[in-house]
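Here is the structure we will look at.
Nothing here was measured: the structure is a model prediction, and the numbers come from that model. Atoms within a ligand are numbered from 1 in the order they appear, just like the ligands themselves.
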Amino acid sequence: MYPYLKNKNILLSVSSGIAIYKAIDLLSRLRKIGANPKVIMTKNAQSWISDQVFSAVGNCEVYYEIFDVKGGWIPHTELSRWADLLIIAPATANIIAKISHGIADDLVSSTALAYSKKAKLIVPTMNVRMYENPTNLSNLKMLNEQGWHIIEPEEGELADGEVGKGRYPDNIKILVHSEYLLTKKDFLNKKVLITAGPTVEKIDAVRFISNRSSGKMGYELAKEFSYRGAEVTLISGPTNLATPSIVKKIYRVENTQEMREKVLKEFQKNDIIIMSSAVSDFRIKNYSNQKLKKDSIINLELEKNPDILKELGEKKNEDQILIGFAAETENLKENAKKKLKEKNLDFIILNDVSRNDIGFDVEDNEISIISRKEELRIDKNNKRIIAGHICDYIFDRFF
Ligand code: PMT
């Protein structure tokens, strides 16, 4: 999900090269995300793929003529004004050389020269010897100094059979970077610590007890804060989720003791701390390295794990914002308010985990934000959107 690309005017400039077919996939994704794309192509790009393919896949207009002035509508100035984001993908050594030197002899290069906004992204893709040629590297350096964001090509086997740097990167990488460029940076210089996922307590060599949690809620929070400029540290229990590339610092832990140690180590460095993880309240008293026989499991002895959030509530300083989640099935508000008070939180986020359509394991959540002064209900939505509301709440109330 890329909420900040939705309804944005995105101009995809395409130059030639075998990787051009991947730009079709990028365009298709932009359309599905709900962005508003348009395409411009170099003449050489058209000898690889017809403009009609781009037009059909993107359900959008495709331009390639610089002098196609209609009724005073001048393509390169109008398109450069229209776009919120300019992406050049794939970018050949030729187009890189032209743009870095201000040459404007076709629609792609003249639109790039006329484009004066900050959100501009270029994806160099070519043979490794061309990429590593000092002239190309120096042109890329110039582009970087001119404010272009460059997504470096990947290493691997190239179309001509050579191996090296020059491959078109994963389109997800381009989308993540695009989203970053279009997201407001209201959490710049803020440090945020987020925990996510369950903790797992071993019973023996093969068995364990744990709490339900996919980690999605915490990961979406970590992404949202990162997109909005915060320096995020994510401490995650075991999950099946891929590490989000936008989150720069992530630690993986297994059990509650490990999570506690890591959280306590990071706690003082952070301005905002959010415990969204489903921490196991108990651990096994006599954990066995061997697989236990069935009969000896029936009388498992448990002991209490530390309450990490409560400990943070005792240690927190006045400038820190401490936030907990309350996963409840009954007496929702009453229980949440009790946790808010007992754990000395700035606010608590209540979710009803008795429902199957929100809470654990699913894409959506529905929450109430409860502080000492107020309660705010946020309707059911994708967890990323919910994370956005939580960020907005913090920004509005605390900064
Ligand atoms: O991961 P998902 O599948 O996306 O699901 C999200 C979620 C439902 C797990 C999440 O939204 C959520 O509710 N997380 C909190 C789960 C929980 O353990 O709630 P609790 O009410 O038992 O605990 C209250 C708070 O104390 C929580 O912030 C918890 O992290 C913390 N806690 C609890 C026990 C403990 N020993 N130490 C703690 O720090």
Side-chain angles (χ1 to χ4, degrees), residues 1 193-201 209-224 234-242 244 252-264 266-267 272-283 302-316 321-371 378 380-387 389-390:
M1 189 178 212
L193 176 64
I194 297 167
T195 67
T199 58
V200 167
E201 304 293 342
I209 56 167
S210 184
N211 284 1
R212 273 182 73 189
S213 168
S214 64
K216 279 182 191 145
M217 190 66 246
Y219 276 55
E220 293 305 327
L221 274 164
K223 280 194 229 169
E224 181 70 19
L234 175 63
I235 300 178
S236 172
T239 74
N240 292 323
L241 302 176
R252 298 199 180 268
V253 295
E254 186 95 1
N255 57 39
T256 303
Q257 296 277 29
E258 285 170 14
M259 182 168 277
R260 175 181 173 271
E261 270 170 40
K262 203 77 213 163
V263 167
L264 289 181
E266 296 295 317
F267 173 64
I272 303 166
I273 302 97
I274 310 183
M275 289 282 303
S276 83
S277 56
V279 183
S280 179
D281 282 306
F282 302 97
R283 62 175 177 264
L302 300 177
E303 60 186 348
K304 253 188 143 180
N305 263 329
D307 187 323
I308 306 170
L309 188 56
K310 193 163 182 214
E311 215 172 321
L312 300 184
E314 284 155 12
K315 288 188 194 310
K316 99 177 187 85
I321 303 165
L322 185 62
I323 302 151
F325 270 76
E328 306 297 339
T329 56
E330 56 184 354
N331 304 325
L332 308 180
K333 284 197 179 159
E334 199 181 312
N335 288 337
K337 282 179 183 168
K338 198 161 167 246
K339 287 175 185 169
L340 170 79
K341 206 166 153 215
E342 281 176 3
K343 301 190 189 212
N344 189 27
L345 309 175
D346 290 281
F347 66 88
I348 195 158
I349 299 160
L350 165 66
N351 45 193
D352 180 352
V353 290
S354 68
R355 283 170 56 179
N356 290 328
D357 61 329
I358 58 162
F360 297 128
D361 269 340
V362 287
E363 299 301 317
D364 292 344
N365 210 354
E366 180 180 305
I367 59 167
S368 292
I369 296 179
I370 303 177
S371 72
I378 313 273
K380 181 177 158 182
N381 214 324
N382 182 282
K383 283 178 181 167
R384 178 68 195 283
I385 304 293
I386 296 288
H389 283 294
I390 294 170

To the nearest 0.1 Å, how far is [atom] from its closest protein heavy atom, and which atom is that?
atom	value
atom 34 (C) of ligand 1	Asp281 OD1, 3.2 Å
atom 18 (O) of ligand 1	Ala278 CA, 3.4 Å
atom 5 (O) of ligand 1	Gly359 O, 3.5 Å
atom 4 (O) of ligand 1	Lys383 NZ, 2.7 Å
atom 23 (O) of ligand 1	Phe325 O, 3.8 Å
atom 39 (O) of ligand 1	Leu309 N, 2.8 Å
atom 38 (C) of ligand 1	Asp307 OD1, 3.5 Å
atom 36 (N) of ligand 1	Pro306 O, 3.0 Å

Say whether [X] and ligand 1 are in contact under the criterion: heavy-atom distance to a ligand atom below 4.0 Å.
X	value
Lys343	yes
Asn305	no
Glu220	no

Option with minimal heavy-atom separation from [atom], where the choices are [options]:
atom	options	value
atom 17 (C) of ligand 1	Ala326, Gly218, Gly313, Ser277	Ser277
atom 22 (O) of ligand 1	Glu363, Arg212, Lys310, Lys339	Lys339
atom 8 (C) of ligand 1	Asn351, Ile386, Ile348	Asn351

List the steps, then state whether side chain to side chain contact (heavy atoms under 4.5 Å, CB included) holds for Glu366 with Arg355. CA-CA 10 Å; Glu366 180 180 305; Arg355 283 170 56 179; 3.3 Å; yes
Part of Ala327 with heavy atoms under 4.0 Å of ligand 1, whether side chain, backbone, both or neither: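 Both backbone and side chain of Ala327 come within 4.0 Å of ligand 1.
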Of Ile194, Ile321, Leu193, the residue whose pairing with Ile272 passes side-chain contact (heavy atoms from CB on, under 4.5 Å):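 For Ile272, the side-chain contact (heavy atoms from CB on, under 4.5 Å) check succeeds only for Ile321.
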